[in-house]
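Supplied in structure tokens, the structure appears directly below.
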Number of protein chains: 2
Amino acid sequence: MKLDLQDIEARFRRHDVRLTRQRAAIYAALVETTSHPSADDLYRIVTRQQPMMSRNTVYYTLSVLRNAGLVREVNVGHDMARYDGNVSMHHHLICLGCGQIMDVMDEELNRLHLSSGQARGFDVLGHRVEFHGYCVSCQQVHRNVSPRRR
Amino acid sequence: MKLDLQDIEARFRRHDVRLTRQRAAIYAALVETTSHPSADDLYRIVTRQQPMMSRNTVYYTLSVLRNAGLVREVNVGHDMARYDGNVSMHHHLICLGCGQIMDVMDEELNRLHLSSGQARGFDVLGHRVEFHGYCVSCQQVHRNVSPRRR
DNA sequence: TGCTATGTAGGAATCATTCCTGTCTAGCGA
DNA sequence: TCGCTAGACAGGAATGATTCCTACATAGCA
Ligand SMILES: [Mn+2]
Ligand SMILES: [Mn+2]
Ligand SMILES: [Zn+2]
Ligand SMILES: [Zn+2]
């Protein structure tokens with residue numbers, strides 16, 4: 001989704017996040033893609049516009065945005081953290097070959113819950129569903145290529 | 001589950017895993033607990049019996065057992081990897097306060113699938129469901145304690 | 001416009017995990 | 001039973017994503 005500075009400013013204000021050039025660029029890049037980039041992917045993207053930006057600022061900004069609820073972290077095994085600018089409830093479909101992450105929007109999955117017998121007294125706040133497999137272009141080489149670490 | 005050396009030997013043979021003192025100890029420790037220990041937890045446990053064992057051997061053995069399908073890796077955010085000696089299909093309930101991981105056995109969850117429209121051509125091989133919340137003993141401090149990184 | 005709490009850049013530190021290398025040994029065949 | 005050899009082990013070094021530290025800069029408010 002394309003966001004202009006107005007939208008970003010409004011969202012940041014609503015979530016009590018101070019607006020800086022760096023943060024706006026990082027957040028915009030994240031919301032405009034559906035590729036669930038890593039911190040380093042984002043660093044590469046935003047330094048095209050702002051070459052002086054520190055990799056550290058990307059990490060710090062992502063933690064600020066995450067705490068504010070504007071961004072989510074998506075973890076795939078022990079690869080580096082991936083980030084998601086879409087904070088509406090949804091799940092993911094992950095390719096074991098190339099690591100791409102696709103969104104899955106499904107109301108049934110969103111409504112999953114645990115019976116009280118299974119919850120063992122936990123106060124359950126949320127859940128996450130991941131589907132694993134091989135994308136179309138990875139299916140041919142499926143057996144030849146060593147899958148990413150899980 | 002308690003395993004004797006006979007059982008371990010049989011399983012290793014069936015999965016083409018060479019039997020060593022170190023591997024038997026690591027695998028036994030993992031199957032005998034339901035706590036989903038980290039590599040370092042296992043290192044601490046097995047070095048009580050075999051003080052000369054290298055931390056490296058624990059990592060290497062876990063990767064061998066994982067590739068053989070005798071062990072699974074369970075990842076919680078970016079904390080260190082946790083391991084599961086129970087390879088039957090099941091899911092997990094994770095405490096955001098103390099990090100404990102409990103098993104969830106539920107046939108309905110095991111049968112989840114994606115409609116072909118959602119699968120986008122993926123060859124879907126499996127899925128994983130995690131429930132997140134606070135365990136009984138963490139519920140009191142819920143608001144006071146900063147949750148583990150997710 | 002000036003103040004101050006916060007953010008940024010850049011470098012150093014961390015630490016779980018992986019890599020390397022020189023012994024050692026499980027498992028097999030003679 | 002004995003030796004051979006592919007594969008496993010110990011220990012230390014290296015890696016690399018992430019976090020920590022600190023001096024300088026600036027957003028946002030009075
Ligand atoms: Mn997503
Ligand atoms: Mn389990
Ligand atoms: Zn793929
Ligand atoms: Zn807990």
Side-chain angles (χ1 to χ4, degrees), chain A residues 5 8-27 36-44 46-47 49-68 70-71 73-83 99 146 148-150, chain B residues 5 8-27 36-44 46-47 49-68 70-71 73-83 99 146 148-150:
Chain A
L5 195 54
I8 294 177
E9 191 176 347
R11 292 194 189 186
F12 278 25
R13 179 158 300 153
R14 204 171 330 125
H15 290 261
D16 270 305
V17 172
R18 218 191 257 207
L19 182 66
T20 68
R21 212 165 25 90
Q22 292 87 337
R23 290 176 176 188
I26 293 163
Y27 182 65
H36 306 86
S38 68
D40 219 62
D41 293 334
L42 288 166
Y43 174 71
R44 266 177 266 118
V46 295
T47 48
Q49 308 299 327
Q50 301 182 34
M52 300 314 293
M53 188 181 311
S54 158
R55 186 177 265 100
N56 191 359
T57 298
V58 177
Y59 279 105
Y60 180 62
T61 296
L62 287 169
S63 86
V64 168
L65 296 176
R66 173 159 44 83
N67 291 332
L70 283 165
V71 150
E73 212 175 298
V74 182
N75 300 112
V76 181
H78 273 155
D79 291 340
M80 42 191 172
R82 308 273 293 260
Y83 292 88
S146 61
R148 285 183 156 224
R149 186 158 48 89
R150 299 256 56 241
Chain B
L5 196 53
I8 293 176
E9 191 175 348
R11 292 193 189 187
F12 278 24
R13 178 159 301 154
R14 204 172 327 126
H15 290 260
D16 270 306
V17 171
R18 218 192 259 206
L19 182 66
T20 68
R21 212 165 23 91
Q22 292 89 336
R23 290 176 176 188
I26 292 164
Y27 182 66
H36 307 86
S38 68
D40 218 62
D41 293 334
L42 288 167
Y43 174 70
R44 265 177 266 117
V46 296
T47 49
Q49 308 298 327
Q50 301 183 33
M52 299 315 292
M53 187 180 312
S54 158
R55 186 177 266 99
N56 193 355
T57 299
V58 176
Y59 280 104
Y60 180 61
T61 296
L62 288 169
S63 85
V64 168
L65 295 177
R66 172 158 45 82
N67 291 333
L70 283 165
V71 149
E73 212 175 298
V74 182
N75 299 111
V76 181
H78 274 154
D79 290 340
M80 40 190 174
R82 307 274 293 258
Y83 293 88
S146 60
R148 284 183 155 223
R149 187 157 48 89
R150 299 255 58 240

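Only heavy atoms go into these numbers, but all of them, side chains included; no hydrogens, no water, no symmetry mates. Sequence lines set the chain letters: A, B, ... in the order given, protein chains first and strands last, and positions in each chain run from 1.
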- Note on the structure: Which of D/dT18, D/dA10, C/dT18 is nearest the side chain of B/Y59? It is C/dT18
- Could you tell me the separation between the CE atom of A/M53 and the C1' atom of D/dA25, rounded to a whole number of Å?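 Answer to the nearest Å: 15 Å.
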- Item | Out of C/dT17, C/dG27, D/dG11, whichever nucleotide has its closest atom nearest the side chain of B/L19 |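 Nearest nucleotide to the side chain: C/dG27.
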- Figure out the CG/C1' separation between B/L42 and C/dT17, and round it to whole Å. 15 Å
- Query: Just wondering, more than 12 heavy atoms not from A/Q49 lying within 6.0 Å of its CD?
  - Reply: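 Check fails, neighbour count at 12 or below.
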- Message: Side chains of B/I26 and B/M53, heavy atoms from C-beta outward: is any pair under 4.5 Å?
- Response: yes
- Task: Select one nucleotide: of D/dC9, C/dT17, C/dA9, the one nearest the side-chain heavy atoms of B/R23.
- Result: D/dC9
- In whole angstroms, how far is the C1' atom of C/dA9 from the CZ atom of A/R55? 12 Å
- Would you find a donor on one side and an acceptor on the other, under 3.5 Å apart, between the side chain of A/R23 and the backbone of A/R18? yes
- Query: Under 4.0 Å: is that the gap between some side-chain N or O of B/Y60 and OP1 or OP2 of D/dA8?
  - Reply: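 So the side-chain polar atoms of B/Y60 do come within 4.0 Å of the phosphate oxygens OP1 or OP2 of D/dA8, strictly under.
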- A/Q22 CD to D/dA27 C1': how many Å, rounded?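 Atom-to-atom, A/Q22 to D/dA27, this comes out as 11 Å.
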- Query: Pick from A/V58, A/T57, A/V64: which one makes a side-chain contact (heavy atoms from CB on, under 4.5 Å) with A/T61?
  - Reply: A/T57
- What is the distance, rounded to the nearest whole Å, between atom OH of B/Y43 and atom P of C/dC15?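 Rounding to the nearest Å, OH of B/Y43 and P of C/dC15 are 17 Å apart.
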- Query: Hey, which of these two, B/R18 or B/P51, hits DNA chain D nearer its 5' end, going by closest nucleotide?
  - Reply: B/R18
- Item | Spacing of A/D16 atom CG relative to C/dG7 atom P, expressed in whole Å |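 Answer to the nearest Å: 11 Å.
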- Task: Would you indicate which nucleotide in D/dA8, D/dT18, C/dT17 comes nearest to any side-chain atom of A/M80?
- Result: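 So the side chain of A/M80 is nearest to D/dT18.
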- Contact nearer the 5' end of DNA chain C, comparing B/R21 with B/D40: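 Comparing both residues, the 5'-ward one is B/D40.
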- Task: State whether the side chain of A/H15 and the backbone N or O of A/A10 hold a donor-acceptor pair below 3.5 Å, judged by distance alone.
- Result: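 Here the side-chain-to-backbone pair does not exist.
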- Below 4.0 Å: OP1/OP2 of D/dC9 and any side-chain N or O of B/T20: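 Yes, because at least one side-chain N or O of B/T20 sits under 4.0 Å from OP1 or OP2 of D/dC9.
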- Whole angstrom value for the distance that separates C1' of D/dG16 from NE2 of A/H78: 14 Å
- Does B/Q50 put a side-chain nitrogen or oxygen below 4.0 Å from OP1 or OP2 of D/dC9? no
- Task: Could you tell me the separation between the CD1 atom of A/I26 and the P atom of C/dG7, rounded to a whole number of Å?
- Result: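 It works out to 13 Å between those atoms.
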- Output the single nucleotide from C/dA9, D/dG11, D/dC9 whose closest atom is nearest the side chain of A/S54.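 For the A/S54 side chain, the nearest candidate turns out to be C/dA9.
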- Considering only D/dT18, C/dT17, C/dG10, which nucleotide approaches the side chain of A/A39 most closely? D/dT18
- Item | Of the listed nucleotides D/dG12, C/dA9, C/dG7, the one nearest the side chain of B/N56 |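 The answer is D/dG12, which lies nearest to the side chain.
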- Which nucleotide, D/dT18, D/dC9, D/dA8, lies nearest any side-chain atom of A/A81?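 Out of D/dT18, D/dC9, D/dA8, the nucleotide with an atom closest to A/A81's side chain is D/dT18.
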- Taking the side chain as C-beta and beyond, is there a heavy-atom pair between B/Q22 and B/V46 under 4.5 Å? no
